[in-house]
Amino acid sequence: MKTKNIIIIGGGFAGINTAKALLKENKSLHITLVDRNNYNFFPPLLYQVATGFLDVSNISYPYRKYFRGYSNFTFHMGELLEIKTDINTVVLTTGELVYDKLIIATGTKSNFFGNENITKNALPMKTIADAIYLKNTLLERFELATRTEDPLERKKLTTVVIAGGGPTGVEIAGMLGGLRQNIFAKDYPELKELPFDIYILDGLPTLLAPMSKSSQQYTYNSLAKMGIQIKLNQLVKDFSNDTVFLADDSTIETKNLIWTAGVTASVFKGLTSEHYGRGQRLLVDSYNKVIGTANIYAIGDTSYQATDPAFPNGHPQLAQVAIQQGKLLASNIIAELKREEQKPFHYNDKGSMAIIGRNKAVADLPNPNLHFKGITAWLMWLFVHLLSLINFRNKTKTFFSWISAYISKDQYLRMIIRPAEDHDKKNT
Ligand SMILES: Cc1cc2nc3c(=O)[nH]c(=O)nc-3n(C[C@H](O)[C@H](O)[C@H](O)COP(=O)(O)OP(=O)(O)OC[C@H]3O[C@@H](n4cnc5c(N)ncnc54)[C@H](O)[C@@H]3O)c2cc1C
């Protein structure tokens, strides 16, 4: 039998799980994984990199090492630009590749809702590069504040506004609240008199909108107790001249707007507008095949599947959806080769959780319908996130980093390290 070329674009939760499962079929399939980075990373812990609690290497791993030793696997670093559906070819920033089947697993990117000022000035939290940039920027601004005489300027440099009250916004707010309580006064004695104000804003009437009422209330109370200023029913309209403009015409003066307020999928040349649905997600059937194509599939955050009876408006953009879709697609492709029956996708919802701070988290489990909060949910969160890391090395490194941070109530990854070219640019 002729070997079939399967190209997977994107090595996140969806792509990597598909690749791993397909590699078992080493006689009839050749898998090429394409990603714009040469590493996989774990987005749920990005905020800990951004706040200096974890090193980048705790939550990332190179593809070539992960897939080492498979004779039917190729890694290609490059970014997808175009799909030539008529000749089964993908155009990448680094060349062209021909496929028998194409799997798009490119996830999402930050959505700034077309606002140029926010795009240019806000600090997003979606990639490793975003997390490093955010950490460097906040630390540089705090350093600048220590040297600044003007009190208003000092306040703007040290005030942080977080747009988006979902899990990422809540987690980063809680983490910054903890840093303010335990570390800032010790590290920045020059800024002792400053409040280091932290705001979290959301356009909805609640934080953690998809979670249970009891989780929402506990999260609100916990953040408020930590002194985080919570503004609900508040959309950010603009961010310019060191000012966040809100929908009710109020303003907050700051240089630091962290943007966790929305994501959108990417549009690729070669597919038409009929292929895309809400949030630019690719419309797929119950087998994750892009509707109207013969051999193109989309999985994970970038796909929109309305065929699952329990999720008629599409699935939530979560790691578990991506993992389960990736695994099922691989087993369906293998079933097709063996002329066996393929299975439609049904999401097995294992629940959702968010961490707020030391000994504080919330967890909602759907089956049975249970809610946990406080230290129980916090331990569950630590356990689930630790187990979800890609390999033993990352799990143990992270475990010891957390133990050390918990005991010392401190962290030490507060170095400002910029790539040389950035440094050169700044000095010319
Ligand atoms: C800060 C943060 C915290 C989160 N916390 C949680 C959580 O606690 N629990 C949870 O369930 N979910 C969480 N999520 C959501 C979860 O990370 C996503 O649902 C999941 O990553 C989706 O997996 P995916 O494989 O579809 O996409 P991703 O994991 O985003 O992977 C996409 C891959 O595609 C690559 N790529 C993108 N575009 C291109 C291109 N044009 N060419 C080549 N490669 C490309 C990227 O480099 C990346 O490797 C969080 C997300 C973020 C950003």
Side-chain angles (χ1 to χ4, degrees), residues 7-19 32-51 59-63 66 75-83 90-94 97 102-111 123-131 134 162 164 166-172 175 208 210-211 258-269 280-282 288 298-304 315-327 329 347 349-355 361-363 381 384-385 388 390:
I7 295 184
I8 303 171
I9 313 278
F13 286 108
I16 211 166
N17 277 285
T18 319
T32 303
L33 176 66
V34 176
D35 201 292
R36 60 183 172 206
N37 297 314
N38 74 337
Y39 55 83
N40 167 274
F41 73 99
F42 188 72
L45 291 179
L46 265 183
Y47 79 99
Q48 297 212 359
V49 171
T51 47
I59 66 158
S60 55
Y61 206 72
Y63 293 120
Y66 190 69
F75 174 68
H76 185 115
M77 186 163 152
E79 194 160 341
L80 176 65
L81 297 175
E82 181 179 356
I83 304 159
V90 283
V91 182
L92 312 169
T93 44
T94 45
L97 298 173
L102 173 66
I103 300 171
I104 303 176
T106 44
T108 52
K109 55 188 181 184
S110 292
N111 187 358
L123 299 163
M125 260 280 291
K126 192 72 183 79
T127 63
I128 293 265
D130 289 344
L134 198 160
I162 300 154
T168 305
V170 163
E171 287 171 355
I172 197 150
M175 193 59 112
L208 298 181
M211 293 194 74
I258 299 179
W259 192 255
T260 69
V263 292
T264 176
S266 296
V267 170
F268 300 108
K269 201 170 156 200
Q280 313 286 22
R281 291 160 83 180
L282 284 163
N288 281 88
I299 46 177
D301 278 5
T302 200
S303 68
Y304 185 90
H315 299 105
Q317 288 165 299
L318 291 175
Q320 268 304 321
V321 176
I323 293 168
Q324 291 174 30
Q325 284 187 335
K327 287 182 178 167
L329 177 59
Y347 174 44
D349 185 359
K350 297 186 175 172
S352 50
M353 42 179 66
I355 191 164
V362 284
W381 187 97
V384 166
H385 283 76
S388 308
I390 195 164

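When a ligand or atom number is given, it counts from 1 through the structure's own listing order. In this text the structure is predicted, and so the values were computed from the model without any measurement. All values below come from the heavy atoms of this structure, side chains included, with hydrogens, waters and symmetry mates left out. We number each residue from 1, following the sequence as shown.
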[X]: numbered ligand 1 atoms lying under 4.0 Å from its heavy atoms:
X: Ile9; answer: 42 (N), 43 (C)
X: His385; answer: 8 (O)
X: Gly300; answer: 26 (O)
X: Asn37; answer: 47 (O)
X: Met125; answer: 1 (C), 53 (C)
X: Lys126; answer: 53 (C)
X: Glu79; answer: 40 (C), 41 (N), 42 (N), 43 (C)

Do you know which two heavy atoms are closest between [X] and [Y], and how far apart they sit?
X: His315; Y: Arg281; result: O-NH2, 3.0 Å
X: Ala50; Y: Met125; result: CB-SD, 3.8 Å
X: Ala361; Y: Ile355; result: CB-CA, 3.8 Å
X: Ala14; Y: Ala105; result: CB-CB, 4.1 Å
X: Ala354; Y: Glu171; result: CA-OE2, 3.4 Å

Work out whether the distance between some heavy atom of [X] and some atom of ligand 1 is less than 4.0 Å.
X: Lys109; value: no
X: Tyr63; value: yes
X: Phe268; value: yes

Can you check whether [Y]'s main-chain N or O pairs, donor with acceptor, with [X]'s side chain at less than 3.5 Å?
X: Thr93; Y: Glu79; result: yes
X: Asn40; Y: Gly11; result: yes
X: Thr302; Y: Thr106; result: no

Applying the side-chain contact (heavy atoms from CB on, under 4.5 Å) test to Ile9, which of Asp35, Leu33, Leu92 qualifies?
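That would be Leu92; it is the only one of Asp35, Leu33, Leu92 passing the side-chain contact (heavy atoms from CB on, under 4.5 Å) with Ile9.
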
Among all protein heavy atoms in this structure, tell me which lies nearest to [atom], with the distance rounded to 0.1 Å.
atom: atom 34 (O) of ligand 1; value: Gly10 CA, 3.2 Å
atom: atom 45 (C) of ligand 1; value: Thr106 CG2, 3.9 Å
atom: atom 3 (C) of ligand 1; value: Thr168 OG1, 3.3 Å
atom: atom 51 (C) of ligand 1; value: Pro43 CB, 3.7 Å
atom: atom 25 (O) of ligand 1; value: Ala14 N, 2.8 Å
atom: atom 38 (N) of ligand 1; value: Arg36 NH1, 3.4 Å
atom: atom 6 (C) of ligand 1; value: Pro44 CG, 3.6 Å
atom: atom 27 (O) of ligand 1; value: Gly107 CA, 3.3 Å

Could an N or O of ligand 1 be found under 3.5 Å from any N or O of [X], whether backbone or side chain?
X: Phe13; answer: yes
X: Leu318; answer: yes
X: Asp301; answer: yes
X: Ala319; answer: yes
X: Leu80; answer: yes
X: Leu46; answer: no
X: Gln317; answer: yes

From [X] [atom1] over to [Y] [atom2], what is the distance, rounded to the nearest 0.5 angstrom?
X: Ile299; Y: Leu282; atom1: CD1; atom2: CG; value: 11.5 Å
X: Lys109; Y: Asn111; atom1: NZ; atom2: CG; value: 8.5 Å
X: Ile258; Y: Leu134; atom1: CD1; atom2: CG; value: 4.5 Å

So, do [X] and [Y] sit near enough that their side-chain heavy atoms are less than 4.5 Å apart?
X: Tyr63; Y: Met77; value: no
X: Ile390; Y: Ile16; value: yes
X: Phe13; Y: Asp301; value: no
X: Val49; Y: Ile128; value: no

Please determine whether the number of non-hydrogen atoms from other residues, nucleotides or ligands lying under 6.0 Å from atom NZ of Lys327 exceeds 12.
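Not buried by this count: 12 neighbours or fewer within 6.0 Å.
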
Would a 4.0 Å cut-off, counted as strictly less than, catch a protein heavy atom around atom 14 (N) of ligand 1?
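There is no protein heavy atom less than 4.0 Å from atom 14 (N) of ligand 1.
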
Just going by heavy-atom distances, which of Gly12, Gly166, Gly78 is nearest to atom 43 (C) of ligand 1?
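Among Gly12, Gly166, Gly78, the closest heavy atom to atom 43 (C) of ligand 1 belongs to Gly78.
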
If you take the nearest heavy atom of each of Ile172, Asp35, Val49, Val34, which one is closest to atom 46 (C) of ligand 1?
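Looking at heavy atoms only, Asp35 sits closest to atom 46 (C) of ligand 1.
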
If we set the cut-off at 4.0 Å for heavy atoms, which region of Asn40 has an atom near ligand 1: side chain, backbone, both, or neither?
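The answer is neither.
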
Pick one of side chain, backbone, both or neither for how Ala105 approaches ligand 1, counting any non-hydrogen atom pair under 4.0 Å.
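Just the backbone.
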
